[in-house]
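Data first, discussion second: the structure below is written as structure tokens.
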Amino acid sequence: MKSDLHYMNIALKRAKKSAEMGEVPVGAVIVKKEADGSERIISYGQNNREKSKNALLHAEISAINKACKKLGGWRLVGCTMYVTLEPCPMCAGAILNSRIERVVYGACDSKFGALQSVISLFDHPFNHKPEIVGPIMQEECSKILTDFFKKRRLENKKTTC
């Protein structure tokens, strides 16, 4: 069984790919635990809001959508999501509705975090309660976001002068 750090590193690679495309660098990976105890990656996701002009295309939503298609159903039982940024309320709702069993996140999100930072959505009396692990690799996951926005501010400053 591979570690949470292994899969978070894969999510971080997705976040870097997202940044290269001009998207906010958030990456997600969904891993399914099989009956024999083995694990396999079911799907990947990255932000695609800017390119698609669609507020719904967060990394988590993309990964959940692909996982549902791959598994042929909406219940992602036995799955863990690894995401580089603490999910927002919309993504936390999608995690609840898809029955993902475990969420491992990297950086805390003091503006929109719905697992622990702003609100603890999973603490409410829903009929499903995923396990939360995080923050892990917080420094690396935060740095990619900080660097991205620092670069964007510099680019915006150059165009306004």
Side-chain angles (χ1 to χ4, degrees), residues 1-32 39-70 76 79-96 98 100-123 130-161:
M1 188 165 110
K2 295 185 176 161
S3 72
D4 288 344
L5 296 176
H6 170 80
Y7 292 116
M8 187 58 73
N9 272 304
I10 294 171
L12 199 52
K13 286 179 186 175
R14 283 287 160 164
K16 289 175 184 174
K17 185 175 178 181
S18 189
E20 290 168 7
M21 295 170 36
E23 299 283 348
V24 174
V26 178
V29 177
I30 296 180
V31 176
K32 180 164 178 53
E39 299 170 332
R40 67 180 170 124
I41 294 175
I42 300 299
S43 66
Y44 303 93
Q46 60 200 45
N47 272 357
N48 198 18
R49 293 186 307 169
E50 298 300 326
K51 184 179 176 186
S52 67
K53 307 292 186 224
N54 186 333
L56 302 176
L57 293 182
H58 288 202
E60 300 95 322
I61 300 296
S62 176
I64 289 169
N65 187 42
K66 290 173 187 172
C68 290
K69 286 179 181 176
K70 186 165 188 174
L76 300 180
C79 290
T80 297
M81 174 180 280
Y82 295 87
V83 60
T84 57
L85 181 64
E86 179 182 1
C88 72
M90 174 182 71
C91 294
I95 289 164
L96 286 169
S98 64
I100 288 174
E101 292 182 6
R102 200 166 164 259
V103 179
V104 181
Y105 73 93
C108 296
D109 186 347
S110 63
K111 294 179 182 168
F112 291 99
L115 302 189
Q116 296 175 323
S117 297
V118 176
I119 189 171
S120 297
L121 196 63
F122 296 171
D123 287 345
E131 176 188 352
I132 301 169
V133 178
I136 70 164
M137 295 180 60
Q138 184 169 357
E139 187 174 314
E140 298 93 324
C141 293
S142 294
K143 184 175 179 355
I144 191 170
L145 287 158
T146 303
D147 291 349
F148 175 82
F149 286 114
K150 194 180 292 184
K151 181 180 174 188
R152 185 169 274 180
R153 281 190 296 278
L154 283 173
E155 288 169 355
N156 287 343
K157 191 174 184 178
K158 288 178 187 176
T159 60
T160 58
C161 295

key: Note, Q46 side chain near E23 side chain (heavy atom, < 4.5 Å)   = no
inquiry  = Measuring only between side-chain heavy atoms, which start at C-beta, is I10 closer than 4.5 Å to Y44?
reply    = yes
task = With sequence neighbours excluded, tell me which residues meet ring pair (Phe, Tyr, Trp, His ring centres under 6.0 Å) with F122.
result = none
key: Side chain to side chain, D109 and V118, heavy atoms closer than 4.5 Å   = no
message = Working to the nearest 0.5 angstrom, can you tell me the gap between L76 CG and I30 CD1?
response = 5.5 Å
request  = Please report the shortest heavy-atom distance between E86 and L115, naming the atom on each side.
outcome  = OE2-N, 3.0 Å
key: Any pair counted as salt bridge (charged side-chain N to carboxylate O under 4.0 Å, His left out), so long as it reaches residues 135-152, sequence neighbours left out   = K143-D147
query = How long is the span from the CE atom in M81 to the SG atom in C91, to the nearest 0.5 Å?
reply = 7.5 Å
ask   = Does any N or O in the side chain of N65 come within less than 3.5 Å of the main-chain N or O of I61, such that one atom is a donor and the other an acceptor?
value = no
query = Between K2 and E39, which heavy-atom pair has the shortest distance, and what is it?
reply = N-OE1, 3.4 Å
remark   = Between L56 and M90 the two heavy atoms that sit nearest each other are CD2-SD, 3.5 Å
ask   = What distance separates L12 CG from C141 SG, expressed to the nearest 0.5 Å?
value = 5.0 Å
message = Testing the basics here: between Q116 and G134, what is the closest heavy-atom pair and its distance to 0.1 Å?
response = OE1-O, 3.7 Å
query = Are the side chains of I64 and I100 in touch, meaning some heavy atoms are under 4.5 Å apart?
reply = yes
message = With rounding to the nearest 0.5 angstrom, report the NZ to SG distance, K111 to C88.
response = 14.0 Å
request  = Working to the nearest 0.5 Å, report the span between CD1 of I144 and OG of S18.
outcome  = 8.0 Å
message = Under a 3.5 Å distance rule, please check whether N47 uses its side chain to pair with a backbone N or O of V24 as donor and acceptor.
response = yes
inquiry  = Less than 4.5 Å apart, side chain to side chain, heavy atoms only: is that true for E101 and E131?
reply    = no
message = Minimum heavy-atom separation for F148 and G22, please, with both atom names.
response = CZ-O, 3.8 Å
query = Okay, side chain of E60, backbone of I95: is any donor-acceptor separation there less than 3.5 Å?
reply = no
query = How far does NZ of K53 sit from CG of N48, to the nearest 0.5 angstrom?
reply = 10.0 Å
ask   = Taking side chain as C-beta onward, heavy atoms only, is V133 less than 4.5 Å from R102?
value = yes
note = For P25 and L145, the nearest pair of non-hydrogen atoms, with its separation, is O-CD2, 3.7 Å
key: Donor-acceptor contact present, side-chain T84 to main-chain G27, <3.5 Å   = yes
inquiry  = Could you work out, with ring pair (Phe, Tyr, Trp, His ring centres under 6.0 Å) as the rule, every residue matching Y105, not counting sequence neighbours?
reply    = none
query = Hey, does N9 have a side-chain heavy atom less than 4.5 Å from the side chain of K13?
reply = no
